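Structure first, commentary second.
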Amino acid sequence: MNASTIRQGTAKQVSVRSVGAIVVEMVLILVLIALLPQTLELGESARRFPLVTTVVLLVLATLDLVMELLPAARRRLGFLEADYIATGTAAAVADAEPQTENDGGDATGRATTHRKAGQWGALVWLTAAAVGMFYLGYLVVTPIFLTAFFLWSRVPLKVAVGITITLSLFNYLVFYMYLGLR
Amino acid sequence: MLDGIQEALATLLTWPNPLIPVLGTVLGLIVGTMPGLGPAAGIALIIPVTYGWEPEQAFLLLASMIGGTSFAGSITAILVNTPGESSNAATLLDGYPMAKKGQASTALAISAASSAMGAIFGLAVFVAILPFSRELILKFSYPETFMVAVVGLFVIALVSRGSLVKGLIAGGLGFMISFIGRDLVTGETRYTFDSLVLDDGVDYIAVLIGLFALSEGLALLMEPDKPADQRKLGAQAHWRQIREGVAFCVRSPRIIVQSSAIGTICGVIPGVGGSVSSFLSYAAAKQSAKDPESFGTGDPRGVAASEAANDAKDGGALLPTVAFGLPGSATWAVVLGAFLVHGIAPGREMLTEHLDVVFLIISGLLISNVLTSLIGLGLSPVLAPIAKMPGVYVAPVIFVISLVGAYTIGLRRSDILVALIAGVVGFVLKKYGFGLVPIVLGLILGKLVEQSLGQTMLTMGLGSLVTRPISLTILLLGLAAFVVPLLRGAVRTRREPKQKQGEESPDKVKGDAR
């Protein structure tokens, strides 16, 4: 990792982040608005803190959304965006001698043969594991999930079998036998 | 104090407890070497396994793991050009160039020795300050508890990853999650949507596991595999270089002490985290050197500076965590959750009835830092390949262990779904600039803040928040810590209206979970 890589990655990350950040803020605002009626129905003591927190969150989320949407607002309120600690650490990184990307020498470039999950793929696999465990239990789902995932990812057979057996045994010995999880 | 030390020693020497630091150190080394699994995620996964243990044993294990993960991260930084966690990123700046020059074992030895020395320094400072902070804590009542929690949350939002506004939003989200379930005073249910499962609230360990472990697993799956350069260690040169590395640290007390002091101070400030302390220490060592241009080319001082600070911070971070319930970093935020799971509340209770636990944690950190240096140096050629493991191998393992761990908490299948949701939400929030530590803190402190405010209003009135001297002092210090940087930033923004905006902070080291 060197300073130029960090800066290049930074520019790309900003543009990708903006749209996603806007969506996140809007979802957050909608959820908070949806929770307001329920909050107002609570008794006085029970609603005091949640109501204050909800209102403050709405203000902050709206402020953040405005800063994401309007460059002028972002400029004026830019000091709120400053990552106070990271600014200092970034300076330390930038001052350091840059590392070279290509080492030469012993660098072992290895072609990737695995299938990459991608954003949605990763979420689907995680959800499948969780839902599987919810309905069928962890002892059954662990070897099935790992086998299915490794087959799909084209992981070498030895590695797949090794990890599947090891983790299934680990679950059985630690969680089932030692902790008595039934 | 002496009673606490004696009890801790007695516990430590009772069989099989002497084995626990060894187990924790080895676990920490393995966890710290695995890509994507930082100490926070690793500890979150181990907590469910310690449910049946005595609290003292559990904390001895967790503290030992912290020591182990820290050095393990430097092994991968030096040998494989990949920091095990964000706090080891500064080590990479000079450690990897040293490895390229054929001095890998020297770099590892410097890392090991400086880590151990830094840890001892940080813990010594903590033990020295403990009696004074204990006296202070005993004077705390409801207004002080409320003020520390709220101000601490604001300060953590200020220094955590991402912008201030996002930090505050994250803290607020943590509060909102803590409100789910029954109100402590009236028993009224809040945000349960008529679900019996949510009546008891959301288990924070399941949330911790999701936020730290599952979100990292998701990130791992999405990252491309990097061809990693591994420097092979020749057996002949290995031990000679180790002796040279240790000797370097012994000959460089100034760097060690300076870096340890920086690390300890950073650790004391809640939420600052390891990456800040190691980078600040690195920058300080470079600026104070007569030949700063050598830093970044394989200067052993760079490795010593970052690693000493990285381990010293744990001693410093222990103080706000046990005394005030404010974690010094993401790792200590998870340990804080473990305190509550084992029925130990930080603050007054911890420093009076459970002082032996505090000294056991100190023992665990001390022993593991020494053991890590010894075991880690010997095992480094074996551990290094683990860091090369592609994410596609590691991520499903993280998924399985995390989900099972979440189920272990209360044997409720709903906790699996809680962990899943927390994992997805944590991944999304982290991706778009929200820190995870404020969420955890809001979640853990939410009920405490609400309860202490209610008790303050009932017993002393709201005015006591500003009339009691300690409470007022905390408020003023918090305001100063919060408002001064904002004002400075606002003034700077006015003076430079055309400053380029939209440049995101480049502090995007893999596994950063401050």
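Predicted model, so just to flag it, every value in this text is computed and none were measured. Just so we're on the same page: letters track the sequence lines, and every chain starts at 1.
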Residue set satisfying side chain to side chain contact (heavy atoms under 4.5 Å, CB included) with B:Val449, at least two apart, ordered chain then number -> A:Phe49, B:Phe146, B:Ala149, B:Val150, B:Phe175, B:Leu445
Considering all heavy atoms, the nearest B:Arg413-A:Tyr135 contact: NH1-CA, 4.3 Å
Compare every heavy atom of A:Leu126 with every heavy atom of B:Leu214, then report the nearest pair and how far apart it is. CD2-CD1, 3.7 Å
For the residue pair A:Phe150 and B:Pro396, what are the closest heavy atoms and their distance? CE2-CG, 3.7 Å
Parallel, tilted or perpendicular: ring planes of B:Tyr407 versus A:Tyr138, cut at 30 and 60 degrees: tilted
Under a 4.5 Å heavy-atom cut-off, does chain B meet the side chain of A:Val24, its backbone, both or neither? side chain
Tell me, for B:Thr50 versus chain A, whether the close heavy atoms (under 4.5 Å) come from the side chain, the backbone, both or neither. neither
For the CG atom of B:Asp183 and the CG atom of A:Leu42, what is their distance to the nearest 0.5 Å? 8.5 Å
Tell me, with the steps shown, if B:Val400 and A:Met133 meet side chain to side chain contact (heavy atoms under 4.5 Å, CB included). CA-CA 9 Å; B:Val400 168; A:Met133 284 194 194; 4.1 Å; yes
Kindly determine whether A:Arg48 and B:Met457 satisfy side chain to side chain contact (heavy atoms under 4.5 Å, CB included), including the steps that lead there. CA-CA 12 Å; A:Arg48 184 186 301 135; B:Met457 289 170 67; 3.9 Å; yes
Which distance, rounded to the nearest 0.5 Å, do you find between the CG of B:Leu221 and the OG of A:Ser153? 7.0 Å
Please flag which part of B:Leu453 lies under 4.5 Å from any non-hydrogen atom of chain A: side chain, backbone, both or neither. side chain
Please report the interatomic distance CZ(B:Phe399) to CZ(A:Phe149), rounded to the nearest 0.5 Å. 7.0 Å
Any salt bridge between B:Lys166 and A:Glu68, counting N to O under 4.0 Å? yes
If every non-hydrogen atom of B:Glu188 is compared with every non-hydrogen atom of A:Glu41, which pair is closest and at what distance? OE2-O, 4.4 Å
Pair B:Tyr191, A:Thr39: side-chain N/O donor-acceptor within cut-off below 3.5 Å: yes
Side chain B:Arg190, main chain A:Ala46, donor-acceptor under 3.5 Å: yes
Residue, of A:Leu60, A:Thr142, A:Val56, A:Thr127, that accumulates the most heavy atom pairs under 4.5 Å with chain B: A:Leu60
Most contact-rich option vs chain A, by heavy-atom pairs under 4.5 angstrom, among B:Leu417, B:Leu218, B:Thr186, B:Asp415, is B:Leu218
Which bit of B:Tyr393 is near chain A, if near means a heavy-atom gap under 4.5 Å: side chain, backbone, both or neither? both
When rounded to the nearest 0.5 angstrom, what distance separates CG in A:Leu123 from CG in B:Leu420? 8.5 Å
Quick check on the structure: residues of residues 160-167 of chain A within a heavy-atom distance below 4.5 Å of chain B, by number. A:Ile163, A:Leu167
For B:Phe427, ring-ring contact (aromatic ring centres under 6.0 Å, His included) partners two or more places apart: none
Can you tell me how far CD of A:Glu25 sits from OH of B:Tyr432, rounded to the nearest 0.5 angstrom? 12.0 Å
Do A:Phe175 and B:Val49 have side-chain heavy atoms sitting under 4.5 Å apart? yes
Determine the option with the most heavy-atom pairs under 4.5 angstrom with chain B, choosing from A:Val155, A:Leu57, A:Thr54. A:Leu57
Any heavy-atom pair between the side chains of A:Pro50 and B:Glu450 that's under 4.5 Å? yes
Cut-off 4.5 Å, heavy atoms of chain A, and the answer for B:Leu411 is side chain
Chain A shares the most heavy-atom pairs under 4.5 Å, among B:Thr408, B:Thr189, B:Val397, with B:Thr408
Proximal component of B:Pro48, with respect to chain A [non-hydrogen, under 4.5 Å]: backbone
Holding to ring-ring contact (aromatic ring centres under 6.0 Å, His included), I want the full list of residues that pass it with A:Trp152, two or more places apart in sequence or in another chain. A:Trp125
